[in-house]
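As structure tokens, the structure follows; a few thoughts come after it.
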Amino acid sequence: MAINKKMEQAFNEQINKEYFSEYLYLAMKARFADMNLEGFVNWFDIQVQEERAHAEGMYNYVLERGGQIELFSIDKPAIKGTTPVEIFRQVLEHEEFVTSRINAVADVADEVKDRAALIFLNWYIKEQVEEEASVGGVLAKLELIGDDKQGLLALDKELATRVFNPPVIG
């Protein structure tokens, strides 16, 4: 059975949000490269890869369900802050926005009684809990560090150890 058109539209809109997230984190990665904080660059590089994988997971799901992909323009990302703590506050705010949008897609699945989509989206819902916790953890450390340059360099060294593990979506 082909995917419901309203469900298809919701997924296409969320695919755009996921690609925007990739684009936003790519811009933030460049900002940290300008600061010579290579561990933060690594952290954002992993985020870029994760967001692309999230978009591609939804993209493939829509095609699997016999739907059509419609790609929308990706907005230019705007970074609101200049310091690591300000940037990570924006990251947390953005992840909370993404969570709300994924929940809205799940609401559409519930509305059109698309059980397969609900099951598929369950992975994304759980992933967002992890995303917010991860970002919140880095933000809490940055707030604790304050203006301590040695603390910032220690956190940078810690973030350099993060590795990309391709997600198994669904």
For [X] and [Y], work out which heavy atoms get closest and say how close.
{"X": "Ile145", "Y": "Gly151", "value": "CD1-O, 3.3 Å"}
{"X": "Leu142", "Y": "Pro84", "value": "CD1-O, 3.6 Å"}
{"X": "Gly81", "Y": "Ile87", "value": "O-CG1, 3.8 Å"}
{"X": "Gly136", "Y": "Leu92", "value": "N-CD1, 4.4 Å"}

Sidechain-backbone polar pair: [X] side chain, [Y] backbone, donor-acceptor under 3.5 Å:
{"X": "Glu8", "Y": "Val62", "result": "no"}
{"X": "Tyr61", "Y": "Ala117", "result": "yes"}
{"X": "Asn12", "Y": "Gln68", "result": "yes"}
{"X": "Asp114", "Y": "Ile3", "result": "no"}

With the threshold set at 4.0 Å, does a side-chain nitrogen-carboxylate oxygen contact exist between [X] and [Y]?
{"X": "Lys6", "Y": "Glu111", "value": "yes"}
{"X": "Glu86", "Y": "Arg89", "value": "no"}
{"X": "Glu18", "Y": "Arg52", "value": "no"}
{"X": "Lys141", "Y": "Glu158", "value": "yes"}

Mind checking whether [X] and [Y] have side chains closer than 4.5 Å, heavy atoms only?
{"X": "Trp123", "Y": "Pro167", "answer": "yes"}
{"X": "Gln90", "Y": "Leu24", "answer": "yes"}
{"X": "Ile69", "Y": "Leu63", "answer": "yes"}
{"X": "Met58", "Y": "Tyr124", "answer": "yes"}
{"X": "Ile119", "Y": "Leu121", "answer": "no"}
{"X": "Lys5", "Y": "Gln9", "answer": "no"}
{"X": "Met28", "Y": "Val91", "answer": "yes"}
{"X": "Leu37", "Y": "Leu153", "answer": "yes"}

Requested in this report: Tell me, yes or no, whether the heavy-atom count around Asp147 atom CG, taken from other residues, nucleotides or ligands under 6.0 Å, exceeds 12.
Outcome: no
Check residues 38-46 and write down every donor-acceptor pair under 3.5 Å in which the side-chain atom is one partner and the other belongs to a residue at least two apart or another chain.
{"unit_1": "Asn42", "atom_1": "ND2", "unit_2": "Leu159", "atom_2": "O", "d": "3.0"}
{"unit_1": "Asn42", "atom_1": "ND2", "unit_2": "Ala160", "atom_2": "O", "d": "3.3"}
{"unit_1": "Asn42", "atom_1": "ND2", "unit_2": "Arg162", "atom_2": "O", "d": "2.9"}
{"unit_1": "Asp45", "atom_1": "OD1", "unit_2": "Lys29", "atom_2": "NZ", "d": "2.9"}
{"unit_1": "Asp45", "atom_1": "OD2", "unit_2": "Gln49", "atom_2": "NE2", "d": "3.2"}

Query raised in the report: With distance as the sole criterion, is a donor-acceptor pair present between the side chains of Glu95 and Gln128 under 3.5 Å?
Result: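 Glu95 vs Gln128: donor-acceptor pair found between side chains.
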Query raised in the report: Does a donor on one side chain sit under 3.5 Å from an acceptor on the other, for Glu22 and Gln47?
Result: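 Gln47 and Glu22 do not have a side-chain donor-acceptor pair below 3.5 Å.
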Rounded distance (nearest 0.5 Å) linking atom [atom1] of [X] with atom [atom2] of [Y]:
{"X": "Lys149", "Y": "Asp156", "atom1": "NZ", "atom2": "CG", "value": "12.5 Å"}
{"X": "Ile169", "Y": "Glu56", "atom1": "CD1", "atom2": "CD", "value": "8.5 Å"}
{"X": "Ile102", "Y": "Ile125", "atom1": "CD1", "atom2": "CD1", "value": "7.5 Å"}
{"X": "Tyr23", "Y": "Lys76", "atom1": "OH", "atom2": "NZ", "value": "8.5 Å"}
{"X": "Ile15", "Y": "His54", "atom1": "CD1", "atom2": "NE2", "value": "13.5 Å"}
{"X": "Glu127", "Y": "Ser134", "atom1": "CD", "atom2": "OG", "value": "9.5 Å"}

Any chain of hydrophobic side-chain contacts (each under 4.5 Å) joining [X] to [Y]?
{"X": "Ile79", "Y": "Met35", "value": "yes"}
{"X": "Leu118", "Y": "Val108", "value": "no"}
{"X": "Val112", "Y": "Phe11", "value": "yes"}

Report task. Flag the pair Phe20 / His94 as yes when their ring centroid distance falls below 6.0 Å, and as no otherwise. Result -> yes
Query raised in the report: Please walk me through it: do Glu51 and Tyr19 pass side-chain contact (heavy atoms from CB on, under 4.5 Å)?
Result: CA-CA 7 Å; Glu51 299 306 333; Tyr19 280 125; over 6 Å; no
